[in-house]
Structure formats: structure tokens, C-alpha cells
Amino acid sequence: SMGASSARRRGGAGRVCVPRCAGATPPPQTSAVQVPARRKCSPLLDSALLPGGSELAVHEWKAVPDIWRTAAEKYADLVALVDPYHDPPSKLTYKQLEQQILDFSHGLRAIGVAPDEKLALFADNSCRWLVADQGIMATGAINVVRGTKSSDEELFQIYSHSESIALVVDSPQFFNRLAESFISRINARFIVLLWGDKSSLNSKAVMDIPVYDYNDITELGRENRNALCYSSELFEQGQQGVFEAIGPEDVATLIYTSGTGGTPKGVMLTHRNLLHQINNLWDIVPAVPGDRFLSMLPPWHAYERSTEYFIFTHGIQQVYTTVKHLKADLQHHQPHYIISVPLVYETLYSSIQRQISASPPARKTVALALIKISLLFMEAKKIYEGTVLSNSPVKPSFIFYMFNYLRARIVAALLWPLHNLAKMLVYKKIHSSIGISKAGISGGGSLPMHVDKFFEVEDWQ
């Protein structure tokens, strides 16, 4: 886990002093930059913007976007993201990802986004979703997240209830869907388009609302960052203002419930809430640099989102996929891990069972018998290892415990040769067909016991 370090750098007081950016080009003088009266930044990610610089050590995170500075320093040239199904397809290293997050956050500041304002991020899983999510957080603003499959009325209710001031949308197709029933009813200071061309937007719906695409925001951000490096006279005149550090108790995001029990309710998550997950998930998912993860769940779900943040702190590579491409991508990318929900594992289990059932009778009989033996072996193994979960509050007597332990040891010893045969003849083929080499991570619901036990024999669950 990422422990806090006591190493400190000398702090200071007074107006912020931003060091000159080595090798940066002087900014163009044409951009009109709006400067919010109050500004915040992520204390480690944007340390140069704070009075006296950052006092934090490289692993001491106070806000979620701080993780990108640590990751960029440790894994600079490792590939962080592969997003093959958007136009253009994207592949970003950790250093490139950090720079895009910085550019996006500074671009939002350039168009006037202030701390604690809410921005609705209505989009699906992609590398640009991650950049937008972290870019919004890095300004001290709060993102209000939802996917494109929600109804127009639900999105309107979330936008209005959260008091969002602007809208970040997935694509022109999604925006045009919202045009009639949604856009005309909201008060939006601006709209940001993550993918696609602004010319494809419904011009009547846009009216006089400023519209920026992803490249507009990142280019504005680069200009703004260069301006901060080169325009020291603005600091002396007090025109730029002093940045405050985002704190752990600041709200990072609003996540609305599914609405199955009525109107969706907004849940406020602070940076501390999310950092707790980031700091503690390694005990469950021991990821190492270079491990490949397949990502397919909606990133606005707290489960997928916090797991993604965590794995990036360990130098992994995330490959974006979809339900449509999942089977092919499991084979093509051979991921070490996949983060998913029980339904996906149930689908994989059913597919394997159908393949076994379609085999010749003799092969089918042998395969089912060996699987049954492996399940019995794993049950015995869990008993003698003491990993069986029990609902009984009463602790068994020592004699009873020893009897079960010895019986389980004998059963496991007798079944071990056949279990190994099952692994060679059956599970090796299953393993190869699935393509996951380390673990499948299931969350967001209860995994059926028979599915859990089946994949436990496969040595990943």
C-alpha cells in the first residue's frame, strides 16, 4: 500500500511562484483566458502552482489526481491505456496521460471553471472519459457522472438536482439525442464534446451555448500552462491569483443511485473516500507493472471507477473493450485480469458448459467427472487450510476440528493426482479459451456459488 512519507520539501508563504518551464514554447497572445476569482489545484499533480511549491512527498496523496504525478514518475514510458474502438484509436503512456489530464484541467480553468462547481459528465467508458474525469477533479470542481444509456428524463433530473453548470458529453449522436428534450431545458454555461466533430451537432439545440471539442480544451490548457510559466508579471500584478490546494475532505464526485427504488439520489464522495480504496485494494488485487487489464464496465460505477484508479497506481496497462468485442479481445490481448460483474462470469461459465456438452459422449463423461473430482479436491483443501466460510457463530471443538482437518487432508491427498490430471486435460483448455491468466475480479453483485467454485478450481476467481 502507498504509505504517507515524512519527507518534506521547504514550504513558503505569499504569492505563488511558478518556475519557468524548461523547453516550453512561449504562449500565443491571442487566447482570451477567463480567470476564476478563486482557484484550486491538486497539490502533488500541480505542485508548482501552490505557494512555495508542494510540501508533499511523491507517494503522499491528498487528492485523487495526485496519483498521476507518482505514476508518471515511476512508469513514464509504460503504456497506460489502449482504446482501439474510438476514432481516433488511442494509446497513451503514463507520461502522456498525465500531460493530457493537466492540459484538460487547465483548459477548463481557461474557460472559467471554478472550484466546487458541478460539471455533468454524461459519457461511456473510454480513455477520454478518464482524462475528463480527472481533469475536472484537478480543478477542484465536482463531476456528476452518468452513462449514455440512461433516459433523457433521468439525465435531466440528475443535471438539475446537482445544480451542474456545464455539460461534458460523449459524442454528437448522444448530444443530438438529448437535443429536443434535454438541452433546451437546462442552463449550461458551455458544452464539451469528448469524441466526434462539432459540425455534426444539432445547431438549433446548441443555440448560443459555447461548444468545445476535446482538442479545443486540451489546446487551451497547453496555452494556459505556458502562460503560467512565462507570464510572471501577471503574478506580480496579482492578476492570476493564488491557488489553494484541494483537500482530502473536498467533494470529488457526485454519483447518483440507479433509481430502482425511486428517484436517483446523489451520493457525495470525497477525495478521501476514493483514496481509501486506492490505498487498500492491493491486498485483493496484487497487480504489478505491465499487467494487462480489460475494461468494459461503466466507469461511473463506483466499483469500476475506484478499481481503475487503483490499478493505474501500479503501472498496469488498461485495454478498453465492449460486450460485443469481449470474446475476441480476451483471446487477442490475453489479459492478466478482467474487472467485471457476475453476469459476465455466468456467461463464460455457460459457454464452457455448452462446449463440454457438445463434445463426444466419452470425452464429455471424462471431462464432467474430472471437474467433479476437482471441485471435491478444492472443498477438502479449503477445510484443511481453514478458509471455509461458516454462518455458525459457535466455534467447533478441538476434537471436531482435528477430525475434519485429518479427513480433509486424506481426501485431498487421494484426489490430488486426479485433480492434476483434470488441470492438464480440462482446465488447461478452459484457461486457454478464456484467456485470463491471473484473476477475474467480480463485484457489484453476488456471484453464484456454483460459478465461484468452478472458477476457483481454475486458480483465478
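Because the structure is a prediction, the values reported are computed rather than measured.
In this structure, the separation between CH2 on Trp282 and CZ on Phe310 is 8.0 Å, given to the nearest 0.5 Å. Interatomic distance, His106 NE2 to Thr139 OG1, rounded to the nearest 0.5 Å: 10.0 Å. One distance of note links CG of Leu178 with CZ of Phe122; it measures 8.5 Å at 0.5 Å rounding. Atoms CG and CZ, on Asp170 and Phe175 in that order, are 13.0 Å from each other to the nearest 0.5 Å. Separation of atoms CG (Asp77) and OG1 (Thr93) is listed at 6.0 Å; rounding is to 0.5 Å. Here Glu385 contributes atom CD and Tyr405 contributes atom OH; the two are 9.5 Å apart, rounded to the nearest 0.5 Å.
The heavy-atom pair separating His271 from Gly247 by the smallest distance is CD2-O, 4.0 Å. For the pair Ile142 and Val251, the tightest heavy-atom approach, listed with the atom from each and the gap, is CG1-O, 3.4 Å. Minimum heavy-atom separation, Phe104 to Val131: CB-CG1, 3.8 Å. Minimum interatomic distance between Pro115 and Lys40 (heavy atoms only, all atoms of both residues): CG-N, 3.4 Å. Taking both residues in full, the closest heavy atoms of Ala132 and Val168 are given as CB-CG1, 4.5 Å, listed atom of the first, atom of the second, then distance. Looking at every heavy atom in both residues, Met296 comes nearest to Val344 through CE-CG2, 4.2 Å.
Looking at Thr321 and Asp329, their side chains do bring a donor and an acceptor atom within 3.5 Å of each other. A side-chain donor-acceptor contact under 3.5 Å links Tyr309 and Asp133. Using a 3.5 Å distance cut-off with no hydrogens or angles, the side chains of Gln318 and Tyr320 do pair a donor with an acceptor. Side-chain atoms of Tyr214 and Gln100 form a donor-acceptor pair, as typed in the model, at a separation below 3.5 Å. Side chain to side chain, Arg177 and Thr148 fail the donor-acceptor criterion of an N or O pair below 3.5 Å. Side-chain N/O atoms of Glu308 and Ser295 include a donor and acceptor closer than 3.5 Å. One side chain, Asp152 or Ser181, offers a donor N or O that lies under 3.5 Å from an acceptor on the other.
In this structure a side-chain-to-backbone donor-acceptor pair under 3.5 Å is missing from Gln99 to Arg222. The main-chain N or O of Pro43 is never found under 3.5 Å from a side-chain atom of Ser47 such that the two would form a donor-acceptor pair. Between the side chain of Asn280 and the main chain of Leu275, no donor-acceptor pair closer than 3.5 Å is present. Looking only at distances, a side-chain donor or acceptor of Glu117 sits under 3.5 Å from a matching main-chain atom of Ala114. No donor-acceptor pair closer than 3.5 Å links the side chain of Gln317 to the backbone N or O of Phe293. Panel note: side chain Asp66, backbone Leu44; a donor-acceptor pair is recorded below 3.5 Å. A side-chain donor-acceptor contact under 3.5 Å links Thr218 to the backbone of Asn215. A side-chain donor-acceptor contact under 3.5 Å links Arg146 to the backbone of Tyr256. Using a distance-only test at 3.5 Å, with no hydrogens or angles considered, a donor-acceptor pair links the side chain of Tyr159 to the main chain of Ala166. No donor-acceptor pair closer than 3.5 Å links the side chain of Ser351 to the backbone N or O of Thr347.
In this structure, Glu379 pairs ionically with Lys382, as a charged nitrogen and a carboxylate oxygen lie closer than 4.0 Å. Classification of Asp83 and Arg128 as a salt-bridged pair fails, no side-chain N sitting under 4.0 Å from a carboxylate O. Ion pairing between a basic and an acidic side chain is recognised when a charged N comes within 4.0 Å of a carboxylate O; Arg39 and Glu244 show no such pairing.
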| Should Arg292 and Val319 be marked as a side-chain contact (heavy atoms from CB on, under 4.5 Å) after you check the CA-CA gap, both sets of side-chain angles, and the distance that decides it? | CA-CA 7 Å; Arg292 213 163 22 258; Val319 180; 4.0 Å; yes
Step-by-step side-chain contact (heavy atoms from CB on, under 4.5 Å) determination, Tyr337 to Ile441
CA-CA 7 Å; Tyr337 295 92; Ile441 304 158; 4.1 Å; yes
Pair Leu370-Leu425, side-chain contact (heavy atoms from CB on, under 4.5 Å): steps then yes or no = CA-CA 9 Å; Leu370 288 173; Leu425 297 182; 4.2 Å; yes
message = Under the criterion side-chain contact (heavy atoms from CB on, under 4.5 Å), I'd like the reasoning laid out for Val169 against Val192: C-alpha separation, chi angles, the key distance, then a yes or no.
response = CA-CA 6 Å; Val169 294; Val192 178; over 6 Å; no
Practice item. Evaluate the criterion ring-ring contact (aromatic ring centres under 6.0 Å, His included) for residue pair Phe454 and Tyr427; output intermediate values, then yes/no. Key: CA-CA 10 Å; Phe454 178 82; Tyr427 278 98; 5.6 Å; yes
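Taking the centre of each ring, Phe182 and Phe174 stay at or above the 6.0 Å mark. Here His450 and Tyr349 bring their ring centres to under 6.0 angstrom of each other. A ring-centre distance under 6.0 Å is not found for Tyr75 and His314. You'll find the ring centres of His325 and Tyr85 inside the 6.0 Å limit.
Using cut-offs of 30° and 60° on the angle between ring planes, the pair Phe377 and His419 is parallel.
When each of Thr253, Val144, Leu194, Leu167 is paired with Leu121, the side chain to side chain contact (heavy atoms under 4.5 Å, CB included) condition holds for Leu194 and for no other. Partner Val64 forms a side chain to side chain contact (heavy atoms under 4.5 Å, CB included) with one of Asn273, Leu269, Leu274 and no other, that one being Leu274. Partner Asp46 forms a salt bridge (charged side-chain N to carboxylate O under 4.0 Å, His left out) with one of Lys62, Arg225, Arg109 and no other, that one being Arg109.
For NZ of Lys95, the number of neighbouring non-hydrogen atoms (other residues, nucleotides, ligands) closer than 6.0 Å is greater than 12. For Glu163, the CD atom sits in a loose shell: 12 or fewer heavy atoms of surrounding residues, nucleotides or ligands are nearer than 6.0 Å. Other residues, nucleotides and ligands contribute over 12 non-hydrogen atoms within 6.0 Å of the CE atom of Met402. Within a 6.0 Å sphere centred on NZ of Lys428, other residues, nucleotides and ligands contribute 12 heavy atoms or fewer. Summarising the local packing, NE2 of His86 is surrounded by more than 12 heavy atoms from other residues, nucleotides or ligands at distances under 6.0 Å.
The salt bridge (Lys or Arg N to Asp or Glu O under 4.0 Å) check on Arg409 picks up nothing, with sequence neighbours excluded.
Side-chain atoms of Met378 and Lys453, non-hydrogen and from C-beta on, never get closer than 4.5 Å to each other. Asp213 places none of its side-chain heavy atoms less than 4.5 Å from the side chain of Asp197. Ile338 is listed as a side-chain neighbour of Leu326, based on a closest heavy-atom distance under 4.5 Å. With contacts defined as side-chain heavy-atom distances shorter than 4.5 Å, the pair Phe455/Leu348 qualifies.
A cation-pi arrangement is absent between Arg305 and Trp300, since the terminal nitrogen or guanidinium carbon is not both under 6.0 Å from the aromatic centre and inside a 45° cone about the axis.
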